[in-house]
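Some notes on the structure that comes next.
For clarity, every value in this text was computed on a predicted model and none was experimentally measured. The residues of the chain are indexed from 1 along the displayed sequence. All ligand and atom numbering here is 1-based and tracks the order in the structure.
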Amino acid sequence: MIGFRLEGEQEELRKSVEEFARDVVAPVIGDLYERGEFPYDVVARMGRMGLFGLPVAEEYGGMGGDYFALCLALEELGRVDSSVAITLEAGVSLGIMPIYRYGTEAQKREWLPRLCAGEALAAFGLTEPGGGTDVAGAMRTRARLEDGHWVIDGSKSFITNSGTDITGVIAVAAITGTMSDGKPEISTILVPSGTPGLTVAKKYSKVGWAASDTHELSFDGCRVPEANLLGERGRGYAQFLATLDEGRIAVAALSTGLAQGCVDESVGYVRDRKAFGGPIGRFQALQFKISDMEVRAHNARLAWYHAAARLVAGEPVKKEAAIAKLTASDAAMDNAREATQIFGGYGFMNEFAVGRFYRDAKILEIGEGTSEVQRMLIARELGLNA
Ligand SMILES: Cc1cc2nc3c(=O)[nH]c(=O)nc-3n(C[C@H](O)[C@H](O)[C@H](O)COP(=O)(O)OP(=O)(O)OC[C@H]3O[C@@H](n4cnc5c(N)ncnc54)[C@H](O)[C@@H]3O)c2cc1C
């Protein structure tokens, strides 16, 4: 396959999300971000548009599209705001997809229609206070079988979408025993929100993504039916590795959007802002900054298109997803820094989108595997370590 031209339906989707981000998200997000409020109305409208169900089959309430379509939507949302984009990313890539890929028929029928409609949100509870990179080594959350129920004890940190009024279910990775090789047996268990024994802490005060929802969770004798096991017992490790590979492509698309949003804002600003008797856009120093920003956004897009195209074709994506995430998160971070510089003092003011982009960019080099992790994965795929 050569060429990356969007097909008719893909371009229609991209355009409709571009319009939605411009007409619905942009006018309200600044205030929500400032107040640290979750964008309930925006999420409800995204649900009605079908964005949460983009890669899910119609029989489960989805749109029957694919992961590429989800990433297209994430890029367009990311161009305007990352709190909204990460709410969709975590809700679908980390929340819906594990249920869709590994859930029993009953679990899919119970959860997917509401999740795809955006009436309920799913969260993915993997990271623990002891560490997210060495997640298996740091895992302390345990679940034991007792009278036909899983009883969960432990805690999770930084869990997106876990404490909203519409959070429906959290997929929790927990140690459920010991494997024959002595390593911990990890399984994933679905915990509906409101289950006794699950405590959702006060939401974090974050540097960025201020309008998204992130909490620490604790489990104290939290009991759910045995049937809430997601897929097979002991497959939790493989499930979360595959979920994170896909998720990295989605975060790369979101990051590309932020990188492109910095270009959009900067091109508009340098035409209007005047210094030394004319628009600052006539200064080659600023033109070159914007050209470099456009190059970074372009490269980031090619990287996620390539990884997503392989994923949709059923080809391995471990290396390509890591390359896409590394390329795009670096592009987002660099472009946010340059856009803020181009805006001068106004770039440091909350009323301008670039200030939000600056605060939102850093987490893209941390979440769903840090940049160090992406480099480790690429090196491993090159056969450089065992
Ligand atoms: C806003 C936000 C939302 C999040 N949402 C979720 C979510 O929904 N679900 C979820 O499960 N998690 C979530 N996370 C957690 C996120 O995935 C982790 O923060 C991330 O994986 C890093 O883990 P850590 O913070 O424990 O850092 P650590 O693992 O403690 O790493 C600290 C530093 O050490 C480096 N490091 C560690 N090991 C190595 C090594 N072997 N070689 C080189 N460098 C290394 C890391 O790259 C990093 O720079 C979220 C985090 C944030 C901040």
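- No side-chain N or O of S218 forms a donor-acceptor pair with one of S155 less than 3.5 Å apart.
- Residue contacts with ligand 1 include I159, since one of its heavy atoms falls under 4.0 Å from the ligand.
- Listed by number with element, the atoms of ligand 1 under 4.0 Å from a non-hydrogen atom of M376 are 40 (C), 41 (N), 42 (N).
- Within a 4.0 Å radius of atom 3 (C) of ligand 1, the protein has at least one heavy atom.
- In this structure the side chain of M97 never reaches within 4.5 angstrom of the side chain of Y102, judged on heavy atoms.
- Considering backbone and side-chain N/O atoms, D134 never comes within less than 3.5 Å of an N/O atom of ligand 1.
- Nearest protein neighbour of atom 38 (N) of ligand 1, counting heavy atoms only, is T133 CG2, 3.4 Å.
- Here the protein heavy atom with the shortest distance to atom 46 (C) of ligand 1 is T370 OG1, 3.7 Å.
- In this structure, atom 8 (O) of ligand 1 lies nearest to the protein heavy atom T160 N, 3.0 Å.
- For ligand 1, the atoms sitting less than 4.0 Å from at least one non-hydrogen atom of F124 are 7 (C), 8 (O), 9 (N), 10 (C), 11 (O), numbered in the order shown with element in parentheses.
- Side-chain atoms of Y358 and N335 include no donor-acceptor pair closer than 3.5 Å.
- Put simply, atom 50 (C) of ligand 1 has protein non-hydrogen atoms near it, under 4.0 Å away.
- Judged purely by distance below 3.5 Å, without hydrogens or angles, the side chains of E365 and S329 never pair a donor atom with an acceptor atom.
- Annotation: atom 45 (C) of ligand 1 to nearest protein heavy atom, E372 CB, 4.5 Å.
- When non-hydrogen atoms are compared, ligand 1 lies under 4.0 Å from the side chain of W209 (C-beta onward) but not from its backbone.
- Atom 26 (O) of ligand 1 has as its closest protein heavy atom G132 N, 2.6 Å.
- Residue F158 places at least one N or O, backbone or side chain, under 3.5 Å from an N or O of ligand 1.
- Taking atom 20 (C) of ligand 1 as the reference point, the nearest protein heavy-atom neighbour is I366 O, 3.6 Å.
- No side-chain donor-acceptor contact under 3.5 Å links N228 and R223.
- Near E368, the atoms of ligand 1 lying under 4.0 angstrom from a non-hydrogen atom of the residue are 17 (O).
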Which is it for K206 and T214 under the side-chain hydrogen bond (donor to acceptor under 3.5 Å, both in side chains) test, yes or no, and what are the steps along the way?
CA-CA 9 Å; K206 304 191 292 278; T214 324; 2.9 Å; yes
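- Only one option out of E75, E294, R296 pairs with Q260 in a side chain to side chain donor-acceptor pair (under 3.5 Å); it is E294.
- At least one side-chain heavy atom of L72 sits under 4.5 Å from a side-chain heavy atom of Y305.
- Near G131, meaning under 4.0 Å from any of its heavy atoms, are these atoms of ligand 1: 26 (O).
- Atom numbering of ligand 1 starts at 1 in the shown order; those under 4.0 Å from a heavy atom of L126 are 11 (O).
- Annotation for D292: atom CG counts as buried by contact number, over 12 foreign heavy atoms lying within 6.0 Å.
- Proximity to T127 (heavy-atom distance under 4.0 Å) selects the following atoms of ligand 1: 10 (C), 11 (O), 12 (N), 13 (C), 14 (N), 15 (C), 16 (C), 17 (O).
- Between Y40 and I166 there is a side-chain heavy-atom pair separated by less than 4.5 Å.
- In this structure, the side chains of T199 and L217 stay at 4.5 Å or more apart for every pair of heavy atoms.
- Only the side chain of I363 comes within contact range of ligand 1, with a heavy atom under 4.0 Å; no backbone atom does.
- Distance screen at 4.0 Å: atom 35 (C) of ligand 1 has no protein heavy-atom neighbour inside the cut-off.
- The two residues S93 and P98 make their nearest non-hydrogen contact at O-CD, 3.7 Å.
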